[in-house]
Amino acid sequence: MGFCKTASVIPGLGNAVGSVTELLLGAGIVMKSCVGTAGLVVLVLISLVPLLKALCLAFFYKLAAAVTEPVSDKRISGCLKGLANGGMLYVKLLGYSVLLFFVTIALTAAASGFIY
């Protein structure tokens, strides 16, 4: 910022140097935003696989509880329902942790983006 103001005082070259400096700072901010956005996309892609695995596991436990309820003891189907509920809690926990990590990275990228 100091260099931009100092260089803009030079007669003849001031406007050109000031414009180039602002252009370079703007390009740096755009690159930094792109890297932050790419990091968030990679985070979503990495966390999607375990989240879907846990969701499928909870779904199949709930399906097993529904299938075994008419033919088995109520304690076995109750156990499977409890496993399904625990699986859904695990899915919620994973989702909240990914969301908080996402917000942390987004706020860090946004807070450090102001160079001016």
Side-chain angles (χ1 to χ4, degrees):
M1 173 137 174
F3 176 73
C4 181
K5 295 292 182 184
T6 305
S8 65
V9 176
I10 300 172
L13 292 176
N15 289 336
V17 171
S19 298
V20 169
T21 306
E22 286 184 25
L23 181 70
L24 288 176
L25 288 175
I29 291 172
V30 169
M31 286 293 281
K32 190 171 168 320
S33 297
C34 290
V35 169
T37 304
L40 293 176
V41 169
V42 167
L43 172 68
V44 168
L45 292 177
I46 287 174
S47 63
L48 195 63
V49 173
L51 196 62
L52 287 176
K53 281 184 180 180
L55 190 64
C56 287
L57 191 65
F59 171 74
F60 285 125
Y61 276 134
K62 193 167 281 277
L63 183 69
V67 168
T68 60
E69 189 171 8
V71 294
S72 69
D73 192 74
K74 66 179 182 175
R75 292 176 289 183
I76 293 175
S77 62
C79 177
L80 288 172
K81 284 181 187 176
L83 282 171
N85 290 338
M88 286 308 295
L89 286 174
Y90 182 62
V91 168
K92 287 180 184 178
L93 179 72
L94 282 175
Y96 290 146
S97 63
V98 167
L99 180 71
L100 288 174
F101 195 46
F102 191 84
V103 167
T104 302
I105 290 176
L107 287 175
T108 304
S112 63
F114 301 111
I115 296 176
Y116 295 109

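- The line from NZ of Lys62 to CG of Leu80 is 11.0 Å long, rounded to the nearest 0.5 Å.
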Scan the side chains in residues 38-51 for donor-acceptor partners under 3.5 Å anywhere in the protein, sequence neighbours excluded, and list what turns up.
{"residue": "Ser47", "atom": "OG", "partner": "Leu43", "partner atom": "O", "Å": "2.9"}
{"residue": "Ser47", "atom": "OG", "partner": "Val44", "partner atom": "O", "Å": "3.3"}

List, one per line, each side-chain donor-acceptor pair under 3.5 Å for residues 95-107, sequence neighbours excluded.
{"residue": "Ser97", "atom": "OG", "partner": "Leu93", "partner atom": "O", "Å": "3.2"}
{"residue": "Ser97", "atom": "OG", "partner": "Leu94", "partner atom": "O", "Å": "2.9"}
{"residue": "Thr104", "atom": "OG1", "partner": "Leu100", "partner atom": "O", "Å": "2.8"}

Expected list for residues 52-59: side-chain donor-acceptor pairs under 3.5 angstrom, two or more places apart:
none

